[in-house]
2 protein chains.
Amino acid sequence: MPDVTLSRREAKDLTRRRLLASALRILDTEGEAGLSTGNVCRNAGVAQSTFYVHFRNMQDLLRALGEEASRKTGPVVRDARRRSSEAPHDPERLRAAFRVPLEKMCGHPEFFRLSVRARHDPASPLGESARRRSAEIRAQMVEDLVAAGLPADTPQQERRLEMVADGINALTETMAMGHLEGRYPDLEEAIDVLASFLSGIRGQLLADRRPEKGRPDT
Amino acid sequence: MPDVTLSRREAKDLTRRRLLASALRILDTEGEAGLSTGNVCRNAGVAQSTFYVHFRNMQDLLRALGEEASRKTGPVVRDARRRSSEAPHDPERLRAAFRVPLEKMCGHPEFFRLSVRARHDPASPLGESARRRSAEIRAQMVEDLVAAGLPADTPQQERRLEMVADGINALTETMAMGHLEGRYPDLEEAIDVLASFLSGIRGQLLADRRPEKGRPDT
DNA sequence: CAATTCACCGATAGTACTATCGGTGAACTC
DNA sequence: GAGTTCACCGATAGTACTATCGGTGAATTG
């Protein structure tokens with residue numbers, strides 16, 4: 001039994017994870033303002049100076065936290081969306097493509113809030129890595145929209161699909177926020193609305209593909 | 001000419017406005033991190049301690065700033081939206097209803113970002129007032145959607161309109177962010193997308209009003 | 001078992017900011 | 001025009017946080 005006492009490597013890794021978890025807990029309860037090396041370490045039960053054994057500074061910790069979050073939730077969400085794109089007319093797959101990310105967001109509100117804040121805070125310590133992840137998600141979603149049959153023949157149409165991807169993402173986050181705040185108790189209703197938004201914009205964009213039928217937007 | 005020297009009241013009011021303008025300038029240039037009583041006062045040309053003649057603390061200033069912004073932009077935005085609701089089939093009025101808030105948001109990018117971020121940060125100094133304003137905007141937008149003919153006959157439909165209002169707002173903010181980040185250079189294209197989103201969801205909700213025609217969402 | 005490594009600790013220098021206090025002179029009051 | 005008010009000022013006590021340093025003991029090495 002070599003596990004009675006922890007090896008030095010295991011012990012260090014455990015402390016590191018405790019620090020990350022502590023930071024996450026603080027972000028969720030006190031917000032970004034409560035995030036200091038001392039506070040994080042006190043919550044994790046180690047000395048303040050131990051912080052610098054594991055991270056160069058707070059920005060370094062936040063970057064690690066963001067990457068962990070995206071590594072956990074990213075692939076699952078992507079998969080659900082791709083399944084929906086493969087069958088654009090299957091309403092249940094469409095709903096699943098919204099349900100999966102919504103449940104991820106609501107299941108780990110602390111991860112979710114962190115990423116949303118990062119998204120709207122390019123000057124924060126998370127800045128660079130958050131922007132990179134956001135761009136990645138957007139590019140993937142554009143791919144999926146094209147796979148679902150939406151037009152991307154001209155640069156303008158491509159840019160429009162990027163806007164739509166941004167929009168779908170923002171809508172999903174907004175519904176999750178509303179649910180977390182208790183205003184939308186039933187997640188299925190939120191999924192209804194998300195599906196309506198997507199179906200609506202999809203109809204608009206497809207109508208645009210055949211402009212000979214006259215103005216479609218009234 | 002009694003205005004050669006300022007009255008005490010006028011002078012105080014002028015200083016207060018200078019402090020508010022200074023805070024806004026700092027938010028737009030240095031971001032939230034540069035916001036301190038000393039920095040605000042130095043930029044306004046007064047001593048740091050003078051800050052406390054006008055505001056109880058930084059949160060107090062930010063609250064005042066938020067209220068001033070909402071007092072300035074609120075009615076204009078609301079008016080544009082109402083004009084559009086009065087003529088739901090006028091595409092130019094619809095575009096104006098999106099153009100006005102977009103231009104307001106892009107006018108003071110850092111303040112806009114701060115407000116958005118504050119809603120997702122439980123401990124932000126702006127948090128409470130930002131959430132209050134957000135709820136107000138949502139309620140107004142629901143009114144306008146009803147005025148534009150969208151159904152709100154059942155509690156479920158009312159809740160759905162709230163979700164749609166939240167969504168429109170999030171979409172507008174997202175397009176503003178994209179424009180500010182330089183990804184969407186042409187604001188009119190963003191307006192196109194917003195109009196398409198609204199037309200799309202509008203079609204979906206109106207179709208739902210007459211459910212005897214079968215499932216409309218594929 | 002002796003030597004070495006290193007995760008963690010306590011202490012602390014340094015920095016930035018908040019908020020208060022008594023003083024000052026110009027505006028105001030009567 | 002004598003007394004009062006008060007917006008502003010400089011100084012400063014107090015607070016919070018960052019980042020570094022040398023010491024310590026348990027794990028590791030050979």
Side-chain angles (χ1 to χ4, degrees), chain A residues 1-27 29-65 123-127, chain B residues 1-23 25-27 29-65 114 121-127:
Chain A
M1 47 175 70
D3 289 0
V4 176
T5 58
L6 296 169
S7 79
R8 202 135 71 176
R9 192 174 192 87
E10 289 170 326
K12 184 176 183 180
D13 209 59
L14 181 65
T15 303
R16 182 191 152 91
R17 278 200 298 273
R18 280 229 299 272
L19 286 173
L20 285 169
S22 166
L24 208 51
R25 196 164 47 241
I26 289 167
L27 273 174
T29 54
E30 306 172 40
E32 214 159 336
L35 211 61
S36 67
T37 60
N39 203 1
V40 168
C41 289
R42 184 156 19 84
N43 258 275
V46 298
Q48 183 262 339
S49 57
T50 300
F51 184 92
Y52 295 93
V53 174
H54 300 272
F55 306 101
R56 282 179 52 247
N57 46 37
M58 186 58 74
Q59 170 171 356
D60 193 28
L61 178 144
L62 284 173
R63 191 189 41 71
L65 207 53
S124 97
L126 266 158
Chain B
M1 43 173 69
D3 288 1
V4 177
T5 59
L6 296 169
S7 81
R8 204 136 69 177
R9 189 174 195 88
E10 287 170 326
K12 184 176 185 180
D13 209 59
L14 180 65
T15 303
R16 182 190 153 91
R17 277 200 300 273
R18 280 229 298 272
L19 287 173
L20 285 170
S22 167
R25 195 164 47 239
I26 288 168
L27 276 174
T29 54
E30 306 173 40
E32 196 174 2
L35 211 62
S36 67
T37 59
N39 203 0
V40 167
C41 287
R42 185 155 19 84
N43 257 275
V46 298
Q48 183 263 337
S49 58
T50 300
F51 184 92
Y52 295 93
V53 174
H54 299 273
F55 306 100
R56 281 178 52 247
N57 46 36
M58 187 56 75
Q59 170 170 357
D60 193 28
L61 178 145
L62 284 173
R63 192 188 40 70
L65 205 55
L114 179 65
D121 191 339
S124 158
L126 262 166

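A note on names: the letters A, B, ... follow the listed sequences, proteins ahead of strands, and every chain is numbered from 1.
When heavy atoms are screened at a 4.0 angstrom cut-off, A:S36 is found touching the sugar-phosphate backbone but no base atom. Using a 4.0 Å heavy-atom criterion, one finds that A:N39 contacts no nucleic acid atom at all.
Once rounded to the nearest 0.5 Å, the distance linking CG of A:L14 with NZ of A:K12 reads 13.0 Å.
Nearer the 5' end of DNA chain C, as judged by each residue's closest nucleotide, is the contact made by A:K12, out of B:Y52 and A:K12. Each of B:H54 and A:L35 was matched to the nucleotide of DNA chain D holding its nearest heavy atom; the match closer to the 5' end belongs to B:H54. Nearest-nucleotide positions on DNA chain D for B:R16 and A:R42 put B:R16 closer to the 5' end. Ranked by how close their nearest DNA chain C nucleotide is to the 5' end, B:N57 and A:G45 are led by A:G45.
Taking atom CD of B:Q59 as the reference point, atom P of C:dT18 lies 13 Å away to the nearest angstrom. Taking atom CZ of B:R9 as the reference point, atom C1' of C:dA27 lies 14 Å away to the nearest angstrom. One atom, CZ of A:F55, and another, P of D:dT18, lie 14 Å apart when rounded to the nearest Å. Rounded to whole Å, atom P of D:dA7 lies 13 Å from atom CG of B:L19. One interatomic measurement links the two molecules: CD of B:E10 to C1' of C:dA26, which rounds to 15 Å at whole-angstrom precision. A:L14 places its CG atom 14 Å from the P atom of D:dA27, with the value rounded to the nearest Å. C:dA16 atom P lies 16 Å from atom CE of B:M58, rounded to whole Å.
For B:A47, whose side chain is taken as the heavy atoms from C-beta onward, the closest listed nucleotide among D:dC9, D:dA7, C:dC9 is D:dC9. Taking the side chain of B:R8 as heavy atoms from C-beta on, and the options C:dT18, D:dT5, D:dC9, the nearest nucleotide is D:dT5. Of the candidate nucleotides D:dA26, C:dC21, C:dC9, C:dC21 has the atom nearest to the side chain of B:S49.
At least one side-chain nitrogen or oxygen of A:T37 sits closer than 4.0 Å to the OP1 or OP2 atom of D:dT18. Here A:T50 reaches the OP1 or OP2 of C:dC9: one of its side-chain N or O atoms lies under 4.0 Å away. Contact between the side-chain N/O atoms of A:T15 and the OP1/OP2 oxygens of C:dC8 is found at a separation under 4.0 Å.
The shortest heavy-atom contact between B:V40 and B:L19 is CG1-O, 3.7 Å. The two residues B:R25 and B:N43 come nearest to each other via the heavy atoms NH2-O, 3.4 Å. Nearest heavy atom pair, residue A:N39 against residue A:S22, reads O-OG, 4.4 Å. Scanning all heavy atoms of the two residues, the minimum distance from A:T37 to A:M58 falls at N-CE, 3.6 Å.
You won't find any donor-acceptor pair under 3.5 Å spanning the side chain of A:Q48 and the base of D:dA16, going by distance alone.
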